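One structure is given below, encoded as structure tokens.
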Amino acid sequence: MAKCRQTVLTAFRQVEDDLATPRILAHKAEQQETVVKSSQRYLTLAGTATMRISREVVNPRLFVIGLFDPCADVTPAGTAS
């Protein structure tokens, strides 16, 4: 009798696991999609920041002009002061 009971309990556990599998996989797929979207957003922001930094890197010639003439406008072209 105990062996039969254990067999039935094992069968129920397996059915329960099989029913839960699609839900678990769907949840994992949602998590992976979130990670992909976050990574894409990070790359977009990092690329934008890199482009902005590369445009705003101090031009050595303008830096030297600023040292000798503190009133000189050394703002790189296309940027606001």
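Model, not experiment: these values are computed from the prediction.
A distance of 11.0 Å separates CD in E30 from CD in Q32, rounded to the nearest 0.5 Å. Of the inter-residue distances, the one linking T10 atom OG1 with Q6 atom CD reads 4.5 Å to the nearest 0.5 angstrom.
For E16, the CD atom sits in a loose shell: 12 or fewer heavy atoms of surrounding residues, nucleotides or ligands are nearer than 6.0 Å.
Considering only residues two or more places apart in sequence or on other chains, K37 meets the salt bridge (charged side-chain N to carboxylate O under 4.0 Å, His left out) condition with E33.
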